[in-house]
Amino acid sequence: KAGGIYLLINPTDPLEYNNYILNHSQAKYMVTYSHDHSINNGKVNFNGKILSLDNFDKDYHQERLQETTDEGLKPRVPVFLYYSPGAAGKPVGITLSYQDLFNWVLFNIEKLKIDFSQTLFVTSSRIEMRFPIWLVNLVLGGKIHFFEPGRENKNPDRKQEIMSLICSLAFLQQLNSTNTYKEFLPPGLSNIVSIGEEQFKAGEFKSFLKEKKIRWHNFFGFPGIKMITTLSGSGPGPGGEFKHLGRPVSASHVYILDSSKNPVSIGVTGELYVSGNAAPGGYFKNEPLNQVHFLENPFIPGTTIFKTG
């Protein structure tokens, strides 16, 4: 609403990494709590204004944020920025727009129909989990309970209220490999939303979900290849493994093409291209990468197609 771009900084990331993305993004404000100001033990190079959430009223009146303009709220204007490791060794910034966020919320509400009234969000430092996935909960007026692995749950009684779980696929795989999912998963759980690309052999876990009537959605390529690249709505296949990437989300197209951008036959190796809601907004301050990956769509004139690489 302020017309700015949201960028998440992880205090546990390497100092060189955080210094680079702060300098490259030219962030003007850092919103945090006073006890978290010492990112990377106070060595991080940030010359902007720090706004403390535990003292926000005072800080806000002292430093008024720039007023919103109509230009700042157009559908394709970037609103979220995150960095992933680049091939050249430097982090690469990728943007998502207001339209991307809107489509993400709408897809969850209209297509998945997940009960987000009470959601358990398992925190993670993994890049794909840094996008505010819980935004749908706020739009729907639901409650979010954050859980950090390795820390004691301070409100064990609230576990009875949880309807949906959001976590990385790696975390779910850990529960499965250690056979602790029955102990961890809330008794009233109806939905699991996992995010990741790892191989997953469900085995008894799949039978458990079927018995408890728990729906399992896994998002692949999130959020780099747009909001979600593909979706597996019914969990693993008959053998217990994810047999395919799933299906493209609403208003999206996924293509497997050869070097001449022609569709390949079934069973033939090709490269993944995506368009529509499955494509990212663009690379931040990196026109050479934009020219390589965002190409004219040969299947839908007047649109672009994203070469995933």
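These values consider heavy atoms only, across backbone and side chains, with no hydrogens, waters or symmetry-generated copies. Keep in mind that what you see is a predicted model, and the values were worked out from it rather than measured.
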When rounded to the nearest 0.5 angstrom, what is the spacing between CD1 in Ile5 and CD in Gln26?
11.0 Å
Rounded to the nearest 0.5 Å, what separation is found between the NZ atom of Lys206 and the CG atom of Asn176?
13.0 Å
Mind running side chain to side chain contact (heavy atoms under 4.5 Å, CB included) on Ser168 and Ile195 for me, showing each step along the way?
CA-CA 5 Å; Ser168 68; Ile195 299 168; 5.6 Å; no
Step through it carefully: locate the ring centre of Phe184, locate the ring centre of Phe171, and say whether they are under 6.0 Å apart.
yes
Can you find a pair of side-chain heavy atoms, one from Ile192 and one from Leu209, that are under 4.5 Å apart?
yes
Heavy-atom count check: over 12 atoms from other residues, nucleotides or ligands less than 6.0 Å from Lys212 NZ?
no
Between Ser117 and Asp115: side-chain donor-acceptor atoms closer than 3.5 Å
yes
Quick one about His253 and Tyr273 (side-chain donor to acceptor, distance below 3.5 Å, no hydrogens or angles considered), yes or no?
no
Under 4.5 Å between any side-chain heavy atoms of Val79 and Ser97, yes or no?
no
Tell me if the aromatic rings of Tyr98 and Phe80 count as close, with their centers under 6.0 Å from one another.
no
Looking only at non-hydrogen atoms, find the nearest pair between Pro149 and Val122 and report the distance.
CG-CG1, 3.7 Å
Audit row: Tyr82, Phe284, ring pair (Phe, Tyr, Trp, His ring centres under 6.0 Å) steps and yes/no
CA-CA 9 Å; Tyr82 78 98; Phe284 187 67; over 10 Å; no
Crowded around Phe102 CZ? As in, over 12 foreign heavy atoms under 6.0 Å?
no
Locate the shortest heavy-atom distance separating Lys261 from Phe299; write the atom from each residue and the value.
O-CZ, 3.8 Å
Please report the interatomic distance CZ(Phe208) to CD1(Ile214), rounded to the nearest 0.5 Å.
5.0 Å
I'd like to know if the side chain of Asn103 and the backbone of Gln99 have a donor-acceptor N/O pair within less than 3.5 Å.
yes
Asn191 pairs by side-chain hydrogen bond (donor to acceptor under 3.5 Å, both in side chains) with which of Arg215, His217, Lys113?
Arg215
Would you give the length of the straight line joining atom CG of Leu81 to atom NZ of Lys285, rounded to the nearest 0.5 angstrom?
9.0 Å
Is it the case that over 12 heavy atoms from other parts of the model lie below 6.0 angstrom from the CD atom of Glu296?
no
Please assess Tyr29 against Phe46 for the test ring pair (Phe, Tyr, Trp, His ring centres under 6.0 Å), listing each intermediate value before the final yes or no.
CA-CA 9 Å; Tyr29 298 94; Phe46 180 68; 8.8 Å; no
Same cluster or not: Ile114 versus Phe146, using hydrophobic residues (I, L, V, M, F, W, Y) connected whenever any side-chain heavy atoms lie under 4.5 Å apart?
yes
To the nearest 0.5 angstrom, please state how far the CG atom of Asp258 sits from the OG1 atom of Thr269.
11.5 Å
Stepwise side chain to side chain contact (heavy atoms under 4.5 Å, CB included) check, Asn18 with Ile9
CA-CA 7 Å; Asn18 281 336; Ile9 298 293; 3.8 Å; yes
Would Leu8 and Tyr6 count as a side chain to side chain contact (heavy atoms under 4.5 Å, CB included) here? Give the steps.
CA-CA 7 Å; Leu8 184 88; Tyr6 170 87; 3.4 Å; yes
Do the rings of Phe306 and Tyr283 sit parallel, tilted or perpendicular, given the 30° and 60° boundaries?
tilted
Measure across Thr95 and Pro78 and return the closest heavy-atom pair with its distance rounded to 0.1 Å.
CB-CB, 3.9 Å
Could you check if a side-chain atom of Leu165 sits within less than 4.5 angstrom of a side-chain atom of Trp216, using non-hydrogen atoms only?
no
Just wondering, more than 12 heavy atoms not from Glu183 lying within 6.0 Å of its CD?
no
Do Leu257 and Glu271 have side-chain heavy atoms sitting under 4.5 Å apart?
no
Okay, side chain of Asn45, backbone of Asn19: is any donor-acceptor separation there less than 3.5 Å?
no
Do you know the tightest heavy-atom contact between Ser25 and Ile21?
OG-O, 2.6 Å
Side-chain contact, heavy-atom cut-off 4.5 Å: Phe205 with Lys182?
no
Leu169, Leu185: one ILVMFWY side-chain cluster at the under-4.5 Å cut-off?
yes
Would you check if the distance from the ring center of Phe121 to the ring center of Phe147 is below 6.0 Å?
no
Is there a side-chain contact between Thr119 and Ile162, using heavy atoms and a 4.5 Å cut-off?
no
Give a yes or no on whether Met30 and Leu15 share a hydrophobic cluster (residues Ile, Leu, Val, Met, Phe, Trp, Tyr; joining criterion: side-chain heavy atoms under 4.5 Å apart).
yes
Would you check if the side chain of Asp13 reaches a backbone N or O of Tyr17 as a donor-acceptor pair within less than 3.5 Å?
no
Do Val274 and Phe107 belong to the same hydrophobic cluster, where Ile, Leu, Val, Met, Phe, Trp and Tyr are linked whenever their side-chain heavy atoms lie under 4.5 Å apart, directly or via other members?
yes
Side chains of Gln118 and His145 in contact at under 4.5 Å (non-hydrogen atoms)
yes
Do Ile166 and Ile144 share a hydrophobic cluster (ILVMFWY, side-chain heavy atoms under 4.5 Å, transitive)?
yes
dist Phe294:CZ -> Thr303:OG1 (nearest 0.5 Å) comes out at 12.5 Å
Taking every heavy atom of Leu172 against every heavy atom of Ser194, the minimum-distance pair comes out as CD2-CB, 4.1 Å
Go through the steps to decide whether Thr304 and Leu295 satisfy the test side chain to side chain contact (heavy atoms under 4.5 Å, CB included), and finish with yes or no.
CA-CA 5 Å; Thr304 59; Leu295 310 172; over 6 Å; no
Quick check: closest heavy atoms across Val264 and Val268, and the distance to 0.1 Å?
CG2-O, 3.4 Å
